[in-house]
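Along the sequence shown, residues are numbered consecutively beginning with 1.
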Amino acid sequence: QVLVEESGGGLVQPGGSLRLSCVVSGNTFSIASVEWHRQPPGKQRELLIRDGGGAFAKDSVKGRFAASRDIDKNTAYLQMNSLNSEDTAVYYCKVFKNSRSGYWGQGTQVTVSS
């Protein structure tokens, strides 16, 4: 059993910052790669960033969002800066132990509003 738990979401004013965490527990493994996705209200889930396994960053967040990992803590992070209303969404992480096995977090709400 692998459990992926996201945290760090909440309400933030435009221009503010948040750091999301994604902790892997249970049958843990060394994280090979991480994807961060989000689903804005009324829209489809979209890939934002892939860290490893073919790096990728969506143009709208490039330079504002950055993914990182702490392997010893089995934790992935998404640092989000210069947030605006278009960033309001449920954010998800997906962690991979190899190219075939990925595990989703439950999502955390980020709301950007003044």
Side-chain angles (χ1 to χ4, degrees):
Q1 183 71 30
V2 174
L3 178 63
V4 180
E5 296 180 290
E6 298 161 333
S7 62
L11 177 64
V12 63
Q13 295 186 8
S17 298
L18 286 173
R19 188 179 74 163
L20 306 183
S21 298
C22 177
V23 180
V24 181
S25 61
N27 294 332
T28 59
F29 50 86
S30 180
I31 298 173
S33 62
V34 179
E35 293 179 354
W36 288 93
H37 303 244
R38 71 182 180 189
Q39 186 168 11
K43 297 183 179 181
Q44 296 183 6
R45 188 177 300 186
E46 62 182 358
L47 173 65
L48 296 178
I49 287 175
R50 181 185 299 114
D51 183 12
F56 170 85
K58 184 177 174 65
D59 287 343
S60 62
V61 304
K62 192 177 300 181
R64 299 191 297 121
F65 292 10
S68 61
R69 284 173 281 174
D70 188 331
I71 302 300
D72 292 338
K73 296 180 180 178
N74 294 316
T75 303
Y77 303 96
L78 181 67
Q79 179 67 46
M80 306 186 296
N81 299 322
S82 301
L83 289 163
N84 58 67
S85 61
E86 300 299 319
D87 297 317
T88 294
V90 178
Y91 284 73
Y92 301 86
C93 68
K94 186 178 183 180
V95 298
F96 295 83
K97 66 177 180 180
N98 53 54
S99 62
R100 299 178 64 87
S101 300
Y103 303 90
W104 287 98
Q106 79 287 349
T108 184
Q109 176 71 47
V110 172
T111 302
V112 185
S113 177
S114 59

Which pairs count as side-chain hydrogen bond (donor to acceptor under 3.5 Å, both in side chains) when at least one residue sits in residues 7-17, sequence neighbours excluded?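 Checked against side-chain hydrogen bond (donor to acceptor under 3.5 Å, both in side chains) - neighbours excluded - the pairs reaching residues 7-17 are S17-N81.
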
Cluster question for you: counting only ILVMFWY and a side-chain heavy-atom cut-off of under 4.5 Å, with indirect links fine, are [X] and [Y] together?
X   : Y    : answer
V95 : Y92  : no
W36 : F96  : no
L83 : L78  : yes
V61 : V110 : yes

*Between H37 and E35, a side-chain donor and acceptor under 3.5 Å*: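 There is such a pair (donor and acceptor under 3.5 Å, judged by atom type) between the side chains of H37 and E35.
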
* Side-chain donor-acceptor pair under 3.5 Å between R19 and Y77, yes or no? ->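 There is no such pair (donor and acceptor under 3.5 Å, judged by atom type) between the side chains of R19 and Y77.
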
Looking only at heavy atoms, what is the nearest atom pair of [X] and [Y], with distance?
X   : Y   : value
Y91 : M80 : CE2-SD, 3.7 Å
I49 : A67 : CG2-CB, 3.7 Å
R38 : A89 : CB-CB, 3.9 Å
R69 : A32 : NH1-O, 2.9 Å

_Just so I know, are the side chains of E46 and L48 near enough to count as touching, which here means a heavy-atom distance under 4.5 Å?_
yes

Distance-only donor-acceptor pairs under 3.5 Å for side chains of residues 20-31, two or more places apart:
none

- [ ] Tell me, please, whether W104 has R45 positioned over its six-membered ring: NZ or CZ under 6.0 Å from the ring centre and within 45 degrees of its axis?
- [x]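 Geometry flag: set, cation within 6.0 Å and 45°.
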
Do the side chain of T108 and the main chain of G9 share a donor and acceptor less than 3.5 angstrom apart?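 Answer holds: yes.
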
Backbone of E86 reached by a side-chain donor or acceptor of T88 within 3.5 Å
no

Spacing of K58 atom NZ and F65 atom CZ [to the nearest 0.5 Å]
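If we round to the nearest 0.5 Å, K58:NZ and F65:CZ are 11.0 Å apart.
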
